[in-house]
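No hydrogens, no waters, no symmetry mates; every other heavy atom, side chains included, goes into these values.
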Amino acid sequence: MTIISLIAKLFANRNRPQNRPAQVPERVFRKEAKFKKHGKFFQIGPTYRGGSHCLQLENAQALVPPPRILLGPTEFGGYGFPEYPETPRLRPEATAYCRPPKDLEDFHCYWLVSERLKEVLQSVDPDGVVFNDCDVFYLSGKPIEPKHYLCDIVRKIDAVDLESSKFRLLIGENGGVHYDRAGGACFYFKEIVGDAHIFKQKNMGIVICTDKLREACVEAGIKNPDLFQDMSVCGRGRLDFETRNVKESYVLE
């Protein structure tokens with residue numbers, strides 16, 4: 001065998017497929033190592049990125065009698081909607097840069113939700129929410145589509161597992177308490193909520209939803225990650241576990 005034929009044979013064997021197990025690129029393992037399974041409970045609420053919707057209550061004189069200045073429940077700390085003499089009309093300010101409302105917005109003491117979010121909330125937890133009709137317009141007077149509704153969460157429970165969670169307890173001068181989320185606080189929730197998939201968490205002033213409601217929102221096209229904050233993720237920073245008396249007043253539960 002000549003030298004030329006030997007070299008040709010070596011190159012042929014080099015390019016021939018070999019029965020070796022497929023090797024997964026290293027970067028795939030790195031990506032999988034960063035994957036984290038979501039928790040079961042999330043804080044749900046509006047995101048303020050992208051500016052304000054600038055909506056104002058056009059018929060406030062008929063719906064918000066003095067000395068009140070905001071649209072809200074009849075009693076402080078209450079739930080739901082009073083009987084309004086007319087449908088609330090929302091229109092943006094003429095002097096501000098405004099954008100159309102998103103799926104979930106704040107408006108006075110309530111939420112302003114889109115048609116598709118309303119359908120998700122009604123299908124997953126109809127007993128936890130109530131809605132009130134409203135008319136939302138552009139500055140020109142043209143109705144904003146899709147339609148939006150005022151929404152309120154009518155369930156309040158304390159689902160925090162006090163033994164497993166780590167946080168600072170603040171006691172107000174009126175005797176009210178507040179679960180402080182500052183620093184490295186970690187919150188874990190009890191499995192006692194049953195069919196309650198959305199509720200106001202006592203002593204925290206936030207709204208909590210379950211992973212079932214979050215998944216239903218994603219399936220409906222409501223995928224903005226800023227709307228949901230995983231409560232199983234501990235905050236950063238040093239946590240002082242001492243109970244503190246503060247010069248503030250909290251709602252007595």
Side-chain angles (χ1 to χ4, degrees), residues 39-49 52-53 64 68-82 102-113 117 121 125 127-132 150-162 164-190 192-193 196-211 213-214 217 224-237 239-253:
K40 294 184 177 181
F41 294 91
F42 298 81
Q43 179 184 350
I44 178 174
T47 173
Y48 301 100
R49 293 186 179 182
S52 172
H53 54 66
V64 187
R68 303 193 61 170
I69 59 175
L70 297 176
L71 203 65
T74 304
E75 298 181 0
F76 176 76
Y79 312 97
F81 300 91
K102 301 177 183 178
D103 287 296
L104 178 55
E105 304 278 5
D106 268 331
F107 187 78
H108 288 206
C109 299
Y110 298 119
W111 279 355
L112 182 67
V113 301
L117 180 53
L121 294 172
D125 192 352
D127 295 331
V129 291
V130 292
F131 302 93
N132 196 90
L150 293 173
C151 172
D152 196 18
I153 313 302
V154 296
R155 181 189 293 116
K156 180 182 286 188
I157 58 178
D158 188 356
V160 172
D161 187 338
L162 298 180
S164 301
S165 301
K166 298 178 181 179
F167 61 91
R168 182 169 52 240
L169 182 66
L170 302 181
I171 301 178
E173 58 183 6
N174 65 336
V177 298
H178 180 71
Y179 301 163
D180 189 14
R181 300 181 63 193
C186 295
F187 288 92
Y188 299 95
F189 291 81
K190 307 171 186 176
I192 62 171
V193 294
H197 294 287
I198 188 169
F199 56 90
K200 293 179 180 178
Q201 168 59 44
K202 287 185 178 181
N203 303 323
M204 291 186 73
I206 60 176
V207 178
I208 300 295
C209 75
T210 63
D211 55 344
L213 179 59
R214 177 185 174 276
C217 288
N224 187 345
D226 294 331
L227 298 179
F228 305 94
Q229 179 180 345
D230 193 342
M231 294 299 292
S232 66
V233 177
C234 297
R236 295 181 179 180
L239 180 62
D240 177 8
F241 293 102
E242 294 182 358
T243 298
R244 293 185 178 181
N245 295 307
V246 296
K247 294 182 179 180
E248 296 181 32
S249 295
Y250 299 108
V251 177
L252 296 173
E253 302 292 354

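Across Thr210 and His197, no two heavy atoms sit closer than the pair OG1-ND1, 2.8 Å. Smallest separation of non-hydrogen atoms from Cys109 and Gly72: CB-CA, 3.9 Å. Counting all heavy atoms, side chain and backbone alike, Leu117 lies closest to Cys217 at CD1-SG, 3.9 Å. Taking each heavy atom of Phe167 and Ala185 in turn, the nearest pair found is CB-CB, 4.0 Å. The two atoms that bring Pro82 and Thr74 nearest to each other are CB-OG1, 3.5 Å, heavy atoms only. Among all heavy-atom pairs drawn from Met231 and Ile208, the shortest one is CG-CD1, 4.0 Å.
Ring geometry for Phe107 against His53 counts as tilted: the plane angle lies between 30° and 60°, on a 0 to 90° scale.
The six-membered or imidazole ring of Phe81 lies near that of Tyr110, with a centre-to-centre distance under 6.0 Å.
Checking side-chain atoms of Arg214 against main-chain N and O of Cys209 turns up no donor-acceptor pair under 3.5 Å. Judged purely by atom type and a 3.5 angstrom limit, Thr47 has no side-chain atom pairing as donor or acceptor with the backbone of Leu227.
Leu213 has its side chain out of reach of Asp125: every pair of non-hydrogen atoms, C-beta onward, lies at least 4.5 Å apart. For the pair Ile153/Tyr79, no side-chain contact is recorded, criterion being any heavy-atom separation below 4.5 Å from C-beta on. Side-chain contact between Phe187 and Gln201: absent, with no pair of heavy atoms (C-beta onward) separated by less than 4.5 Å. Annotation: side chain of Asp152 is in contact with side chain of Lys200 (closest heavy-atom distance under 4.5 Å). Contact check for Asn224 versus Asp103: no side-chain heavy atoms found under the 4.5 Å cut-off.
Of the residues listed (Asp161, Asp158, Val160), the one engaging Phe189 in a side-chain contact (heavy atoms from CB on, under 4.5 Å) is Val160, and it is the only one.
Taking NZ of Lys156 as the start and CE of Met204 as the end, the distance is 12.5 Å to the nearest 0.5 Å. In this structure, OG on Ser52 lies 7.5 Å from CD on Glu105, to the nearest 0.5 angstrom. The structure places NZ of Lys190 at 11.0 Å from CZ of Phe41, a figure rounded to the nearest 0.5 Å. One distance of note links CZ of Phe131 with CG of Leu150; it measures 10.5 Å at 0.5 Å rounding. Distance check, rounded to the nearest 0.5 Å: NE2 of His108 to CZ of Arg68 gives 11.0 Å.
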Would Ile44 and Trp111 count as a side chain to side chain contact (heavy atoms under 4.5 Å, CB included) here? Give the steps.
CA-CA 11 Å; Ile44 178 174; Trp111 279 355; 4.0 Å; yes
Side chain to side chain contact (heavy atoms under 4.5 Å, CB included), that's the test. Do Ile206 and Gln229 meet it? Break it down for me.
CA-CA 11 Å; Ile206 60 176; Gln229 179 180 345; over 6 Å; no
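Using a 3.5 Å distance cut-off with no hydrogens or angles, the side chains of Asn203 and Tyr179 do pair a donor with an acceptor.
A salt bridge links Arg168 with Asp180; the closest basic N to acidic carboxylate O contact falls under 4.0 Å.
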